[in-house]
Amino acid sequence: MQEIFITEIEHIKIGNAEDEKNATGCTVILADHGSPTGVDIRGGGPASRETALLNPTAANDGIHAILLSGGSAFGLDAAGGVMEFLEEKDIGFPVGITKVPIVSTSCLFDLTVANHKVRPDKAMGYKACEDAWNRSKHSPKEAILGLEGNHGAGTGATVGKFLGEKGMMKSGLGTFAVQLGDLKVGAIVAVNALGDVFDYKTNKKLAGLCNPETGEFLDSETAFYESYQNPKNLFTGNTTIGAIITNASFTKTEMTKIAQMAQNGYARSIRPIHTTADGDSIYAMSTGKINADLNLVGTLSSTVMAEAVKRAVLTATPAYGLKTASQMQKK
């Protein structure tokens, strides 16, 4: 098994658009054709669009884009720009007079980082598609440049928010992918968690809750337990959103199971996770025709997601007065 760029997976295009000054952005994954996709939502406060179509009992058998966006529920507007772009490219579900692109969307909460009045909108969604289209013209190594860290949906992402803004750190967008024979499995994720992020291999804390006075790490779970006599209003201001992409051939129902297994990647890397104050969601998209075992791909999905979560914090750069994992590693 070897590490590859997620941009090496066939039949997808990935792009970003962001407003760095106002700390928000969006990331789009475009499918060349309707791709079977499942979703698993375990956080208690998701902001989403067209996820009901991914239910195994729904009629839809393939979608044309996944959009990961900032802006909380306001950011759902960015999906309109993705639809406009794809319609212009004649991509979507045929309805006679046109084609209707199916764009599944999830948003994270980044409104308190800079300017809450600026959110991803239709224009930004369209711009992310243009970026994806342009990146696809380059080599996978070139297409990955500038994709991670403080870009796209990771622009305003933060972690370690149990004590609010005063103790949090900057996070971002991460990717990771592997190839096993002809099989390719990759993950892309914007980490905006209430909890702390750990290296799942060593259990070393990488980013999360800090002491507002000393800047040293605190433990979110310990702080959570110590507050049991004074319950906190955690507020649904978090959410980690991501996607698994594979060139294996699976149905929507099978991809739903893979999305469920990929949630183990969150659980291995983020603590606490899947709270009512998070909207943690994972999509899983099948883009190819490679025959593969469902359980093998699901297990790989958990691992590549855990690695992508790690990269999301390690590739983030200091911004908005917030420190990053890379700075903490130098201490």
Are Thr7 and Arg135 side-chain neighbours, meaning at least one heavy-atom pair lies under 4.5 Å?
no
Determine the interplanar angle of the Phe85 and Trp133 rings, folded into 0 to 90°, and report it as parallel if under 30°, tilted if 30 to 60°, perpendicular if over 60°.
perpendicular
Note, Leu296 side chain near Leu183 side chain (heavy atom, < 4.5 Å)
yes
Ring pair (Phe, Tyr, Trp, His ring centres under 6.0 Å) partners of residues 267-306, not counting sequence neighbours, each pair once:
none
Counting neighbours of CG on Asn291 that are heavy atoms of other residues, nucleotides or ligands and sit closer than 6.0 Å, is the number greater than 12?
no
Judged by modelled atom types alone, do Ser35 and Thr37 share a side-chain donor-acceptor pair under 3.5 Å?
no
Going only through I, L, V, M, F, W and Y residues with side-chain contacts under 4.5 Å, is there a path from Met1 to Phe5?
no
Has Lys170 got a side-chain atom pairing as donor or acceptor with Ala157's backbone, closer than 3.5 angstrom?
yes
Quick one: do Ile258 and Val39 end up in the same hydrophobic cluster if we chain Ile, Leu, Val, Met, Phe, Trp and Tyr together by side-chain heavy atoms under 4.5 Å apart?
no
Is any side-chain heavy atom of Arg49 less than 4.5 Å from a side-chain heavy atom of Val103?
no
side-chain contact (heavy atoms from CB on, under 4.5 Å) between Thr24 and Thr155: does it pass, once the steps are laid out?
CA-CA 5 Å; Thr24 196; Thr155 305; 5.7 Å; no
Would the number of heavy atoms belonging to other residues, nucleotides or ligands and lying under 6.0 Å from CG of Asp182 be above 12?
no
Could you please spell out the steps behind the side-chain contact (heavy atoms from CB on, under 4.5 Å) verdict for Asp61 and Phe93?
CA-CA 10 Å; Asp61 291 323; Phe93 181 80; over 6 Å; no
Within-4.5 Å side-chain heavy-atom neighbours: Ser72 and Cys107
no
Inter-residue atom distance His11.NE2 - Met285.CE, 0.5 Å rounding:
12.5 Å
Is Ile245 reachable from Leu54 through a run of I, L, V, M, F, W or Y residues, each pair having side-chain heavy atoms under 4.5 Å apart?
yes
Leu76 side, atom CG; Cys26 side, atom SG - distance, nearest 0.5 Å
11.5 Å
Let's go through Tyr200 and Glu307 carefully: what are the C-alpha distance in whole Å and the side-chain angles of both, what is the deciding distance for side-chain contact (heavy atoms from CB on, under 4.5 Å) to 0.1 Å, and is it a yes or a no?
CA-CA 8 Å; Tyr200 74 103; Glu307 290 282 1; 2.7 Å; yes
If the test is side-chain contact (heavy atoms from CB on, under 4.5 Å), which one of Ile66, Thr175, Val304, Ile244 qualifies with Ile188?
Thr175
Judged by atom type as modelled, is there a donor-acceptor pair below 3.5 Å linking the side chain of Thr27 to the main-chain atoms of Ala153?
yes
Under the 3.5 angstrom rule, does the side chain of Thr315 hit a backbone N or O of Gly149 as a donor-acceptor pair?
yes
Flag side-chain contact, heavy atom, 4.5 Å: Gln327 against Pro318
yes
Can you confirm whether more than 12 heavy atoms, excluding those of Lys127, are under 6.0 Å from its NZ atom?
no
Given 3.5 Å as the limit, does a donor-acceptor pair link the side chain of Glu3 with the main chain of Val178, or not?
no
Min side-chain heavy-atom separation Pro36-Thr251 under 4.5 Å:
no
Got a donor-acceptor contact below 3.5 angstrom from the Asn134 side chain to the Asp131 backbone?
no
For Glu10, does the CD atom sit with more than 12 other heavy atoms under 6.0 Å from it, leaving out its own atoms?
yes
About how many Å separate OG of Ser301 and CD of Gln263, when rounded to the nearest 0.5 Å?
11.5 Å
To the nearest 0.5 Å, what is the distance between CD (Glu20) and NE2 (His151)?
8.0 Å
Taking only Lys NZ, Arg NE, NH1 and NH2, and the carboxylate oxygens of Asp or Glu, determine whether Arg42 and Asp280 approach each other closer than 4.0 Å.
no
ILVMFWY network linking Val297 to Ile6, side-chain heavy atoms under 4.5 angstrom
no
Answer with yes or no whether the side chains of Thr287 and Asn247 bring together a donor and an acceptor at under 3.5 Å.
no
Testing the 3.5 Å rule here: is there a donor-acceptor pair between the side chains of Asn192 and Lys161?
yes
Step by step, work out the salt bridge (charged side-chain N to carboxylate O under 4.0 Å, His left out) result for Lys13 and Asp32.
CA-CA 8 Å; Lys13 299 177 177 68; Asp32 289 351; 2.9 Å; yes
Without swapping roles, check the side chain of Thr246 against the backbone of Lys184 for a donor-acceptor pair under 3.5 Å.
yes
Which heavy-atom pair separates Gly146 from Asn16 by the least distance, and what is that distance?
O-ND2, 4.0 Å
Calculate, to the nearest 0.5 Å, the distance between atoms NZ and CZ belonging to Lys310 and Phe176 respectively.
7.5 Å
Is there a donor-acceptor contact under 3.5 Å from the side chain of Asp278 to the main chain of Leu194?
yes
Any donor-acceptor pair under 3.5 Å linking the side chain of Glu87 with the backbone of Pro101?
no
Does the side chain of Ser302 pick up a donor-acceptor pair with the side chain of Arg268 at under 3.5 Å?
yes
CE of Met83 to CG of Leu67: how many Å apart, nearest 0.5 Å?
12.0 Å
For a quick check under 3.5 Å, do Asn55 and Thr57 share a side-chain donor-acceptor pair by atom type?
yes
Could you check whether any side-chain heavy atom of Ile63 comes within less than 4.5 Å of a side-chain heavy atom of Glu50, counting everything from C-beta outward?
no
Okay, side chain of Ser106, backbone of Leu68: is any donor-acceptor separation there less than 3.5 Å?
no
Determine yes or no for a side-chain-to-main-chain donor-acceptor pair under 3.5 angstrom, with Asp196 supplying the side chain and Leu209 the backbone.
yes
Using the rule that two of Ile, Leu, Val, Met, Phe, Trp, Tyr join whenever any of their side-chain heavy atoms come within less than 4.5 Å, decide whether Ile273 and Val309 are in one cluster.
yes
Answer yes or no: does atom CZ of Phe74 have more than 12 heavy-atom neighbours from other residues, nucleotides or ligands under 6.0 Å?
no
Heavy-atom closest pair, residues Val28 and Ala128:
CG1-O, 3.5 Å
Let me see the working for Leu322 and Met169 under side-chain contact (heavy atoms from CB on, under 4.5 Å), right down to the final yes or no.
CA-CA 5 Å; Leu322 301 173; Met169 288 178 61; 5.8 Å; no
Is the closest side-chain heavy-atom distance between Leu163 and Leu218 below 4.5 Å?
yes
